[in-house]
Visitor: 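Questions regarding the structure given below will be posed in turn.
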Amino acid sequence: MNQRVSFAPAAGSGTPHHHTQTRRVDSRSTTPNIADRFADLLAPLSPRRRRGLIARLSQGYYEGWRPSRAEVAELVAQELRKSPR
């Protein structure tokens, strides 16, 4: 679902108003993250475990780690072997 939204303030009012220059906003879009390319591998995880693994991937990224699909698949397998919480 797309909607047209304006972000420019009205002159002197400090509040947004609609005008001819608009920007398309997709209400379903989310901020891209390091794990987007591994979404299929992360799908079997619970939301909690998925967020935890994404946090690990993000921290590793900032430390210079660029995991392969095989590495991420192994991390997912380890998570799935753990007992449910």
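What you see is a predicted model, and the numbers here were worked out from it, not measured in a lab. Start at 1 with the first residue, then count along the sequence.
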Visitor: Could you pull out all donor-acceptor pairs under 3.5 Å where a side-chain atom in residues 53-62 meets a protein atom, sequence neighbours excluded?
Guide:
from, atom 1, to, atom 2, distance (Å)
Ser58, OG, Ile54, O, 2.9
Gln59, NE2, Glu63, OE2, 3.3

Visitor: Specify the closest pair of heavy atoms between Pro44 and Leu80, including all atoms of both residues, with the distance to one decimal.
Guide: O-CD2, 3.9 Å
Visitor: Could you pull out all residues at least two apart from Glu71 that satisfy salt bridge (charged side-chain N to carboxylate O under 4.0 Å, His left out)?
Guide: none
Visitor: Residues in salt bridge (charged side-chain N to carboxylate O under 4.0 Å, His left out) with Arg69, at least two apart?
Guide: Asp40
Visitor: At their closest point, which heavy atom of Ala35 faces which heavy atom of Leu42, and how far apart are they?
Guide: CB-CD1, 3.5 Å
Visitor: Using the side chain to side chain contact (heavy atoms under 4.5 Å, CB included) criterion, which residues pair with Pro32? Sequence neighbours excluded.
Guide: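 Pro32 satisfies side chain to side chain contact (heavy atoms under 4.5 Å, CB included) with Asp36 only.
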Visitor: Could you pull out the closest heavy-atom pair between Glu79 and Arg49, with the gap in Å?
Guide: O-NH1, 2.7 Å
